[in-house]
Undergrad: 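One structure coming up, written as structure tokens, with questions to follow.
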2 protein chains.
Amino acid sequence: MELSCRTEYALLALLELAGHYPQAEPLQIRQIAAQQQIPERYLEQLLATLRRGGFVQSQRGAKGGYLLTMEPWKITLLDVVNCLEGAEARNRKEAVGTLARIAPTLESVVVDEVWQEVYETMRGVLQGYTLQDLCEQRDSRRQMNIMYYI
Amino acid sequence: MELSCRTEYALLALLELAGHYPQAEPLQIRQIAAQQQIPERYLEQLLATLRRGGFVQSQRGAKGGYLLTMEPWKITLLDVVNCLEGAEARNRKEAVGTLARIAPTLESVVVDEVWQEVYETMRGVLQGYTLQDLCEQRDSRRQMNIMYYI
DNA sequence: TGCAAACCCCAGTGGGGAATGGGAGTATAC
DNA sequence: GTATACTCCCATTCCCCACTGGGGTTTGCA
């Protein structure tokens with residue numbers, strides 16, 4: 001359960017794609033990166049992860065780019081976080097609590113239980129939001145900003 | 001909001017100390033490390049952080065060691081996490097979402113809002129447990145284990 | 001067919017967390 | 001008063017994440 005830079009960038013990219021859904025025109029890495037101020041080459045890697053996770057499909061060649069493969073209301077934030085956290089051979093991450101500990105102590109078991117509960121509540125919150133939800137929040141916030149400047 | 005190895009180790013050490021509260025005899029790093037299977041020299045640094053945070057006091061010299069400075073039911077897990085996460089010049093950690101971004105985009109603001117909500121729920125859970133609570137859970141679990149082996 | 005635009009793969013660099021090590025400081029024990 | 005048993009502080013090593021770079025491959029278009 002990371003909520004790191006990685007995850008935020010990926011989420012921003014997906015929001016950008018969701019904003020254009022279901023347009024047939026793919027969005028290019030460069031456009032997304034510029035729009036969301038994400039390092040271009042880094043975003044490239046994150047999009048590869050999202051592609052392997054089945055969230056986006058890519059179109060190579062000139063006029064290529066990325067497209068959402070699912071409807072924005074079917075993708076929860078938890079799905080995205082899971083995709084980026086569990087991505088490919090993040091082998092060591094699960095063992096963060098049982099780090100090189102042969103026999104877990106009673107105390108460590110109790111602490112782990114609390115942490116499982118914490119993670120569970122995190123998952124609960126993250127599962128409550130879809131890309132669609134965030135897009136709507138963005139739109140209403142955009143309206144607010146326009147109102148503000150009048 | 002880390003929930004990293006650091007925090008778990010510190011928590012285990014505090015639990016060990018809380019188990020002996022309010023004994024006048026200080027516990028040594030070596031004992032805690034052996035009991036909880038924590039690298040000795042690393043635990044040393046974490047205890048320094050806890051000392052600076054006011055959770056423990058140290059006694060130097062022979063027969064020295066560490067003691068809790070507060071009652072175990074007055075220390076919440078959130079207190080501990082805050083102490084270790086916010087410890088000394090972790091200056092960059094707050095800006096993890098606004099990483100080198102001059103003008104935050106609308107999308108990043110929306111994402112940050114969700115993440116604040118996630119962190120808030122985490123804090124809620126962590127604030128609901130004190131060292132005392134975990135000690136009691138450990139004790140009852142110990143009873144269970146004894147029953148199991150009969 | 002040629003070429004540029006775009007994705008794709010792999011190999012590095014820099015900083016921070018997770019340790020590890022060598023001493024210096026300080027209190028008790030004899 | 002010296003030895004001993006601890007804490008304390010500084011520096012170093014190792015690995016992962018955030019990021020950069022150099023190619024290579026696929027595709028659309030003139």
Side-chain angles (χ1 to χ4, degrees), chain A residues 2-10 12-13 17 24-34 37-52 56-67 84-101, chain B residues 1-10 12-13 17 24-34 36-52 56-67 84-101:
Chain A
E2 268 301 313
L3 254 59
S4 55
C5 197
R6 232 178 132 66
T7 312
E8 171 153 357
Y9 285 163
L12 291 175
L17 290 169
E25 290 277 296
L27 241 64
Q28 286 124 31
I29 289 182
R30 184 170 307 172
Q31 296 174 357
I32 301 174
Q37 303 178 38
I38 302 172
E40 213 169 303
R41 306 303 304 273
Y42 190 45
L43 178 59
E44 186 183 311
Q45 297 175 24
L46 302 183
L47 282 169
T49 300
L50 288 174
R51 179 174 53 80
R52 282 188 282 269
V56 302
Q57 59 181 347
S58 62
Q59 184 167 333
R60 303 177 71 157
K63 300 274 178 184
Y66 287 90
L67 287 169
L84 274 103
E85 184 202 352
E88 56 190 301
R90 264 136 128 58
N91 27 21
R92 204 190 72 80
K93 270 292 140 186
E94 282 308 314
V96 81
T98 28
L99 206 75
R101 179 173 290 142
Chain B
M1 196 59 52
E2 268 301 314
L3 252 59
S4 56
C5 197
R6 235 178 130 66
T7 312
E8 171 154 357
Y9 286 164
L12 292 175
L17 290 170
E25 290 279 297
L27 242 65
Q28 285 124 32
I29 291 181
R30 184 170 307 171
Q31 296 175 358
I32 302 174
Q36 294 300 327
Q37 303 178 40
I38 302 172
E40 213 170 303
R41 306 306 303 273
Y42 190 44
L43 178 59
E44 184 183 313
Q45 298 173 28
L46 302 183
L47 282 170
T49 301
L50 288 174
R51 181 172 53 79
R52 283 187 282 269
V56 302
Q57 59 181 348
S58 64
Q59 184 169 332
R60 301 178 73 160
K63 298 273 178 184
Y66 289 88
L67 287 169
L84 273 104
E85 182 200 354
E88 58 189 299
R90 264 135 127 57
N91 28 21
R92 204 191 71 80
K93 269 292 139 187
E94 282 309 313
V96 79
T98 29
L99 206 75
R101 179 173 290 141

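Chain letters run A, B, ... following the sequence lines, proteins first and then strands; every chain starts at 1.
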Undergrad: Within the pair B:S58 and D:dC6, is there a side-chain N or O less than 4.0 Å away from OP1 or OP2?
TA: no
Undergrad: Using atom CG of B:L46 as one end and atom P of C:dA19 as the other, report the distance to the nearest whole Å.
TA: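 One finds 9 Å between P of C:dA19 and CG of B:L46, rounded.
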Undergrad: Output the single nucleotide from D:dT7, D:dC8, C:dA19 whose closest atom is nearest the side chain of B:Q28.
TA: D:dT7
Undergrad: For A:L47, which contact category applies under a 4.0 Å heavy-atom criterion: base, sugar-phosphate, or nothing?
TA: nothing
Undergrad: Over how many whole Å does the gap from B:R30 atom CZ to D:dT7 atom C1' extend?
TA: 12 Å
Undergrad: I need the CG-P distance between B:L43 and D:dC6, as an integer number of Å.
TA: 15 Å
Undergrad: What is the distance from OH of B:Y66 to C1' of D:dA5, rounded to the nearest Å?
TA: 14 Å
Undergrad: Take atom CZ of B:R6 and atom P of C:dG16, then tell me their distance rounded to the nearest Å.
TA: 13 Å
Undergrad: Rounded to the nearest 0.5 Å, how far apart are CD of A:Q31 and CD of A:E40?
TA: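 Here the rounded value is 10.5 Å.
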Undergrad: Using a 4.0 Å cut-off on protein heavy atoms (strictly under), produce a 5'-to-3' string for nucleotides 21-30 of chain D with B for base contact, S for backbone-only sugar-phosphate contact, and - for none.
TA: BB-BBBBS--
Undergrad: Take atom OH of B:Y42 and atom C1' of D:dT12, then tell me their distance rounded to the nearest Å.
TA: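 About 15 Å, once rounded to whole Å.
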Undergrad: In whole Å, what is the span from the CD atom of A:E8 to the P atom of D:dC17?
TA: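 About 17 Å, once rounded to whole Å.
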